[in-house]
Amino acid sequence: MSGHDRNTWGRSFPAVTPAIEAVPDVAVHVPEDTKSNVLIDFTDSPVVDVEGLTILLTAQRLAHSEDRQVWLMGLPESAWSVLEAMGLDDLFVRVSSPGELSN
């Protein structure tokens with residue numbers, strides 16, 4: 001293994017880019033009193049891979065450090081099952097997509 005990540009499908013940032021740099025400046029510099037919880041919408045994402053789960057955990061860690069929650073909308077059942085199996089499901093709030101029945 002050369003350490004080179006050849007999987008670049010759907011990636012707009014180099015693999016070594018810290019998650020915080022992938023967020024636009026306007027989202028990073030929101031005044032403290034207007035910050036709210038973080039909503040990640042997976043409605044059009046039928047599959048979440050290991051990289052996606054890593055990003056979720058990074059987002060959760062950053063949000064937790066600011067006393068915010070990460071809400072997951074439309075997360076595929078398979079990804080939620082992985083979070084449950086790892087005991088990480090209690091770190092997130094799962095919400096339904098518009099038009100979807102509540103869990």
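Hydrophobic side-chain contacts under 4.5 Å tie Val47 to no other Ile, Leu, Val, Met, Phe, Trp or Tyr residue. Using a 4.5 Å cut-off between side-chain heavy atoms of Ile, Leu, Val, Met, Phe, Trp and Tyr, Val50 forms no hydrophobic cluster with any other residue.
Ala79 and Val48 get closest at one heavy-atom pair: CB-CB, 3.9 Å.
Residues Phe42 and Leu56 meet the side-chain proximity criterion, which asks for heavy atoms closer than 4.5 Å.
A salt bridge does not link Glu66 with Arg61: none of the charged nitrogens is closer than 4.0 Å to a carboxylate oxygen.
Applying the side-chain hydrogen bond (donor to acceptor under 3.5 Å, both in side chains) test to Ser45 and every residue at least two apart in sequence or in another chain returns nothing. Every side chain to side chain contact (heavy atoms under 4.5 Å, CB included) that Leu57 has, sequence neighbours left out, goes to Leu88, Phe92.
Interatomic distance, CD of Gln69 versus CD of Gln60, reported as 9.5 Å (0.5 Å rounding). Between Leu72 atom CG and Leu39 atom CG the span is 8.5 Å, to the nearest 0.5 Å. Interatomic distance, Leu91 CG to His64 NE2, rounded to the nearest 0.5 Å: 8.5 Å. Note that CG of Leu75 and CG of Leu83 are 6.5 Å apart. Values are rounded to the nearest 0.5 Å.
Within the structure, the side-chain hydrogen bond (donor to acceptor under 3.5 Å, both in side chains) test picks out the following pairs touching residues 81-91 (sequence neighbours left out): Trp80-Glu84.
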